[in-house]
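Bear in mind the structure is a predicted one, so any value in this text is a computation, not a measurement. Ligands are counted one by one from 1 in listed order, and the atoms in each one are counted from 1 as well.
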Amino acid sequence: MCGIIGYIGNQDAVPIIVEGLKKLEYRGYDSAGLAVCGADGFSVVKQKGRLDALEIRLKQQPLSGFAGIGHTRWATHGEPSDVNSHPHVGQQNRIAVVHNGIIENYQEIKEYLQQKGVTFHSQTDSEVIAQLAEYYYDKELIKTVVKLSRRLEGSYALGIMCAAHPDVLVAVKKDNPLIIGVSAHGHFIASDIPAVLKHTNQVYYLEDNEIAVLTAQGVQFFNTELETVSKKIETVSWNPEAAEKGGYPHFMLKEIMEQPQILKDTIANLLSGKGAEVMQQIDIKKFTRVCITACGSAYNAGLVAKYVFERLLRLPVEVETASEFRYKDAIIDEQSMVILISQSGETADTIAAMREAKRKGAFTLSIVNVVGSTLSKESDVCIYTAAGPEIAVATTKAFSAQLTALYLLAVRFAVGLGRLTPTQAKQYIGQIQSIPKKVAEILQEVDTVQRYAAACVGYKSVFFIGRNLDYAIATEGSLKLKEISYIHSEAYAGGELKHGTISLIEDNTLVVTLATVEKLYPKILSNAEQVLSRGARVLWIGNAQTDDYGGRLVQLRLPPIEELFAPSLSVIVLQLFAYYIAANKGLDIDKPRNLAKSVTVE
Ligand code: F6R
């Protein structure tokens, strides 16, 4: 939530920061701003609304400078407004700050400073950082930052500039991500890699309570004792085009279309790359139970995995949303494996769930897309998906990569437990390897889904049903639709409808029905008939033979595959269905209202 960027170098910071903010907009987009530091102190431009609004303001009020900080906001404390936007500047215009995170003790600090005569202008928690820094400032910026970080409680990634040191940019973080980029023309701080990718693929990952001091010439790192810290620079493998739309109208469509390749890459990494080595190290025999915990779509991937793991491993698998897991006093111990799934690796609840699991002695395995993220570093082992940067707020390719990683884990673990022979495992792996090609086949038929979706824009409510694995993937179809099209939707286990929800079915209600689990074909068909006989329309996804019920049932077939892995195919249809409905409604698909991609607050 919220994206920050800072630049100091020999080029104009303003266009660099605006461009970087565009790459971070997925983290929040209710207001944005930037500050540059010149000989006369700070010049700040900030504006409620999308970045376009900030760009318009910048045309009216041009800024330039060789050092600056910028921010794109997802409001937590204080409504989206010009005054609540970042950067925040202390009342003497000496210190400017951009902040990603939440300061939990801001009220107490605010009252303390008010008693000292400081006047606050915004309702944000972040303004206290700028005001407190200014209050503490005593000629030495780095000492001020140390003092500041000791006083702040909560989470923060901060970019700080001081008018008395216009040639220095300071960063510090706790529980929120921050990278430091090193390029030929200058140095960067940023919440995420895509913001700097155009300029450099050389980055440092800042650790909690480390302080980075950037100048145009170099970067130095310190701990809070002001001792120098030596850090290793990392080379990012993502290419700059990965963070561009590449001719597609939306990142979401581009990312859907990228899936055959990213699935191939993910499978290759987990079968013969570094991921394979990591998987080999895990002795599944040590564990008596598996818990999977995650948020949103990543949680839905966990729901699918539960069915696959239980079928192949015959071990009890529990799936829990991370926001519940962290507070429920989970029954786990040294014999438990806790699997955490996250695209960003920075989701606050998932990180807290991992820490809780570790505290209880469980073994933690994370499946993460962003290299160097908190989850990847803190979990006992981490398996990376190879989805590349995902920019659209609604996940597609990262979700698919998570599913594939979970399938491969399940097969490896089943072999480890002696539940699958090497020959059986080979057959399953062959099926998993066939997924990218089959996904590509579905993507070639995109017109069929597009046409069907175009006729669905008028629905006020859509239900998704399925049984077993199909129920699990129905939850993802429903989430995709509601988050980007703003159509109300619910996912139900097919057998559950008649216990209440069926009362909502009326003439022309749409019920998307997933039917890939062979032994349950008759059951899900009878659930579909129950809604058809009450006037519903059905989109039937799967290969089971059925009637068209006088044109009220439309069937979309899938390439044949071992049914355990069918969710990887049906989800492609569900993603396209949601995408084209939202596109036909003319919505801002990549940045749905109220949402942000990286949820670093509770
Ligand atoms: C939905 C979506 C979210 C994320 C969730 C977890 O399309 O993207 O539900 O799946 O916020 O995020 P990560 O995977 O970064 O932990």
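When G296, S297, S344, A398 are ranked by how near their heavy atoms come to atom 15 (O) of ligand 1, first place goes to S344.
For the pair E346 and ligand 1, no heavy-atom separation below 4.0 Å is found. Ligand 1 does not have L375 within reach: every non-hydrogen atom of the residue lies 4.0 Å or more from it.
Listed by atom number, the atoms of ligand 1 under 4.0 Å from A394 heavy atoms are 7 (O). For ligand 1 and E483, the ligand atoms under 4.0 Å from any heavy atom of the residue are 1 (C), 7 (O). Here is the list of ligand 1 atoms found below 4.0 Å of a heavy atom in A298: 10 (O), 14 (O). When each atom of ligand 1 is checked for a heavy atom of V393 under 4.0 Å away, the hits are 8 (O). Applying the 4.0 Å criterion to heavy atoms of K480 picks out, from ligand 1, the atoms 1 (C), 7 (O).
Considering backbone and side-chain atoms together, S342 places an N or O closer than 3.5 Å to an N or O of ligand 1. The shortest N/O to N/O separation between Q402 and ligand 1 does not fall below 3.5 Å.
Using a 30° and 60° split on the angle between ring planes, Y492 and F463 fall in the tilted class, from 30° to 60°. Note: F577 and F464 have perpendicular aromatic rings, judged against thresholds of 30 and 60 degrees for the angle between ring planes.
Nearest protein heavy-atom neighbour of atom 12 (O) of ligand 1: T347 OG1, 3.4 Å. Here the protein heavy atom with the shortest distance to atom 11 (O) of ligand 1 is V599 CG2, 4.0 Å. Remark: minimum distance from atom 14 (O) of ligand 1 to any protein heavy atom is reached at Q343 N, 2.6 Å. Of all protein heavy atoms, the one lying nearest to atom 5 (C) of ligand 1 is C295 O, 3.5 Å.
Side-chain atoms of L558 and S570, non-hydrogen and from C-beta on, do get closer than 4.5 Å to each other.
Of the residues K397, E476, Q259, the one that meets the side chain to side chain donor-acceptor pair (under 3.5 Å) test with Q575 is Q259. With L24 as reference, D192 is the one residue of L51, I4, D192 to meet the side-chain contact (heavy atoms from CB on, under 4.5 Å) rule.
Between R359 and E356 there is a salt bridge, since at least one side-chain N of the basic residue sits less than 4.0 Å from a carboxylate O of the acidic one. Between E563 and R311, at least one side-chain N (NZ, or NE/NH1/NH2) sits under 4.0 Å from a carboxylate O, which counts as a salt bridge.
For N100 and R73, the side-chain atoms include no donor-acceptor pair closer than 3.5 Å.
Environment of NZ in K482: crowded, with over 12 heavy atoms of neighbouring residues, nucleotides or ligands closer than 6.0 Å.
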